[in-house]
Student: 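Take a look at the following structure, please.
For clarity, every value in this text was computed on a predicted model and none was experimentally measured.
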Amino acid sequence: MSPTVVAIFDVGFAEPRKVAEFRLADDGTAVLAITDPEGCPVAEEWSTQGVKVYDPVRTIGPNEGVDFLHALLELPGMSYYRIADESPRTATDSPKGALGDGKPPPRPDV
């Protein structure tokens, strides 16, 4: 199933907190919603500049909807952010979220 909601969590705190999400809009584009009062510069950058992918090399922007959401989910791990698929699921779909519970993976001990 294709993603429709991708959340960005800031894991630089004692408890990860959702700071932004991209949702698939009715027109097929991905729309950014900042969910934290302090904002999320990395999500804002992806929203304006897109996500660079390497196979093949190109930049995918929010106007490409589902492809953009997939590109977000395939980004390499980051120190302070985790990305999770929070798309609504039916009982027959595979679990959502990086841990199968809708929560981002824990921050690695560095």
Student: Is there side-chain contact between Phe22 and Leu69, with at least one heavy-atom pair below 4.5 Å?
Tutor: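 They are in side-chain contact.
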
Student: Output the distance between atom OG1 (Thr29) and atom CD (Glu64), rounded to the nearest 0.5 Å.
Tutor: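 Nearest 0.5 Å value for the OG1-CD distance: 11.5 Å.
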
Student: Between Tyr80 and Val42, is a side-chain contact (heavy atoms from CB on, under 4.5 Å) present by the stated rule, with each step listed?
Tutor: CA-CA 10 Å; Tyr80 291 101; Val42 70; over 6 Å; no

Student: Which atom names give the shortest non-hydrogen contact between Leu32 and Ala20, and what distance separates them?
Tutor: CD1-CB, 3.9 Å

Student: Any donor-acceptor pair under 3.5 Å linking the side chain of Thr4 with the backbone of Ser87?
Tutor: no

Student: Just do the side-chain contact (heavy atoms from CB on, under 4.5 Å) check on Ile83 and Leu75 with the steps written out, would you?
Tutor: CA-CA 8 Å; Ile83 301 171; Leu75 284 169; 3.8 Å; yes

Student: What are the two closest non-hydrogen atoms of Pro3 and Val6, and how far apart are they?
Tutor: CB-CG2, 4.3 Å

Student: How close do Gly39 and Ile34 get, heavy atom to heavy atom, and via which atoms?
Tutor: CA-CG2, 3.6 Å

Student: Would you say Pro62 and Trp46 make side-chain contact, with heavy atoms under 4.5 Å?
Tutor: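 No. Closest side-chain heavy atoms not under 4.5 Å.
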
Student: Let me check something: any side-chain donor-acceptor pairs from residues 9-18 under 3.5 Å, sequence neighbours excluded? List them with distances.
Tutor:
residue: Asp10; atom: OD1; partner: Gly12; partner atom: N; Å: 2.8
residue: Arg17; atom: NE; partner: Asp36; partner atom: OD1; Å: 3.1
residue: Lys18; atom: NZ; partner: Glu21; partner atom: OE1; Å: 3.2
residue: Lys18; atom: NZ; partner: Glu86; partner atom: OE1; Å: 2.7

Student: In Å, rounded to the nearest 0.5 Å, how long is the span from CG of Leu72 to CD1 of Ile8?
Tutor: 6.0 Å

Student: Between side-chain atoms of residues 47-56 and protein atoms elsewhere (two or more places apart, or another chain), which donor-acceptor pairs fall under 3.5 Å?
Tutor:
residue: Thr48; atom: OG1; partner: Glu44; partner atom: O; Å: 3.2
residue: Thr48; atom: OG1; partner: Glu45; partner atom: O; Å: 3.3

Student: Grab the two heavy atoms, one from Gly61 and one from Phe68, that are nearest each other, plus how far apart they are.
Tutor: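 Nearest heavy atoms, Gly61 then Phe68: O-CB, 3.3 Å.
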
Student: Hey, does the side chain of Ser2 reach the backbone of Val66 with a donor-acceptor pair shorter than 3.5 angstrom?
Tutor: no

